[in-house]
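Read the structure below first, then the notes.
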Amino acid sequence: MANQLQPVRGTRDLIGEDAARHFHVVETARRVTALFGFSEWQTPIFEDTRVFSRTLGETSDVVTKEMYSFEDRGGESITLRPEGTAGVCRALITGGLTQTLPQKVFYAGPMFRYERPQKGRYRQFHQIGLELLGPATPIADADVISAGWRILQELGVAKDVELNINTLGDAPSRENYRAALVKYFSAHATQLSEDSKLRLEKNPLRILDSKDEGDKVLVEKAPLIYAHLTQDAAEFYNGLKSTLTAFGVPFQENPRIVRGLDYYNHTAFEFVTNALGAQGTVMAGGRYDGLVEQMGGPNVPGIGWGAGIERLSMLIAAPPKAAMPVAVIPMNGEAEARALEILNLLRGQNIAAEIGYSGTAKKRLERANKSGAAFAVLVGDDIKLKNLADGSQEDLTLETLVERLGA
Ligand code: ATP
Ligand code: MG
């Protein structure tokens, strides 16, 4: 067909098994996080651009290249949210909740980044995520990570995934470390990518997260943060590791994890897999103690993670198909009204049922068979329950029908 409309590049429809996988991930996360005491929030999918530009860091990939920003009809600069944390913190402040702590937030929904689409990378993608606002103890970090680990276990993907953790230290640790990085990278400045030359001036830590192959070679020999940690920061990191061990969450230390956004301190972590090619990070997060204050609120520490639902959906086994509704079939024109009554009654008893809408009884039965329904209720002068798997039939009263189909 000429001029047929197409989905926008980097977006996808959730239909059939794709939808089943997606919602299985969301429902599993919702159930597990409730066990950990989290409540679900939903914040708007667009925000004042400054919610992101002021917080994610002016040298982060998301802010420099990936944001979907536009001016609305009133001249306001609006951005489709590229991630979930900034919006939750904005809501904490504007909702007057900064004195009602802790807040334990679960969210699920679409995020938007202008990236080059490929397997596991889209322009509209979806995340589940957690934010734990208030406590600044490593137990909180371990609890949030442990909830993520439990979700991956329940999804049956834990065996394919490895948890990498790191510390970014506190402010004084980072100042020490920053100086060491500037010294090291300045000595190799000519070999740095253009992006990283800029990062060297603005935020040298960000170079460690560069995807440029040349940068990566330099990064391999760059100094590690561990020698630059203050005693407080080292203690925090040790507390995280011992609590993870107590919770039975296996982890690897990885000094190269710095995370792509500027607002992190202390804990940074990623759950990674080899099963998805280049798009290996499935769940990622860290501690962001300065973020709420940076957004104009009081000092409220926080820790959280976000996980790509598309990447998780690709890792899980296909969820079991839901049972098809019972087909209610009028055997002739006169039985139609009675069939509708029975349809209504079954649904009122929480029994999934549908009616074929049109066609002869024979046609409707054929369609019911094709749909994979287990039973048909044949409504004529009497009521028959037909087992569509083996073709057997039994005469039933309305009461016994409900009994047979219920629970
Ligand atoms: P990557 O290094 O893959 O670009 P990121 O560091 O940008 O990831 P985060 O901002 O930490 O990712 O987002 C958390 C998670 O969201 C990622 O681990 C990934 O599972 C998912 N994610 C991020 N960007 C996309 C995208 N464009 N399409 C699909 N999933 C994504
Ligand atoms: Mg990215």
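Numbering of ligands and ligand atoms starts at 1, following listing order. When reading the values below, keep in mind they use all heavy atoms of this one structure, side chains included, and skip hydrogens, waters and symmetry mates.
Every atom of ligand 1 is numbered from 1 in the order shown, and the set under 4.0 Å from a heavy atom of Ala284 is 11 (O). Of all the atoms in ligand 1, the ones that sit under 4.0 Å from a non-hydrogen atom of Arg113 are 5 (P), 7 (O), 9 (P), 10 (O), 12 (O), 13 (O), 23 (C), 24 (N). Those atoms of ligand 1 with a heavy atom of Lys211 less than 4.0 angstrom away are 1 (P), 2 (O), 4 (O). The contact set between ligand 1 and Glu115, taken as ligand atoms under 4.0 Å from a residue heavy atom, comprises 24 (N), 25 (C), 26 (C), 27 (N).
Of the polar atoms of Gly308, at least one N or O is found under 3.5 Å from an N or O of ligand 1, judged by distance alone.
Residue Arg311 places a heavy atom less than 4.0 Å from ligand 1. The closest approach between a heavy atom of Arg121 and any atom of ligand 1 is below 4.0 Å.
Ion pairing of Glu66 with Arg123 is absent here, as no side-chain N (NZ or NE/NH1/NH2) approaches a carboxylate O to less than 4.0 Å. Between Glu213 and Lys216, at least one side-chain nitrogen of the basic residue sits less than 4.0 Å from a carboxylate oxygen of the acidic one, meeting the salt-bridge criterion. Salt bridge annotation for Lys65-Asp195: present, with a cationic side-chain nitrogen under 4.0 angstrom from a carboxylate oxygen.
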I would like to know whether Ile383 and Leu378 meet side-chain contact (heavy atoms from CB on, under 4.5 Å); could you show each step before the answer?
CA-CA 6 Å; Ile383 304 172; Leu378 311 181; over 6 Å; no
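A 6.0 Å sphere centred on CZ of Phe46 holds no more than 12 heavy atoms belonging to other residues, nucleotides or ligands.
At a heavy-atom distance under 4.0 Å, only side-chain atoms of Gln127, from C-beta outward, approach ligand 1. In Val282, the part holding a heavy atom less than 4.0 Å from any atom of ligand 1 is the backbone. Contact annotation: for Lys119 versus ligand 1, there are no heavy atoms closer than 4.0 Å.
Both tests pass for Lys241 against the ring of Tyr237: distance under 6.0 Å to the centre and angle within 45° of the axis. A cation-pi arrangement, defined by a distance under 6.0 Å to the six-membered ring centre and an angle within 45 degrees of its axis, is present between Arg12 and Tyr122.
When side chains are defined from C-beta on, Leu276 counts as touching Val282, because their heavy atoms get closer than 4.5 Å.
Summarising the contacts of atom 17 (C) of ligand 1 with Thr273, Leu276, Thr281, the nearest heavy atom is found in Thr281.
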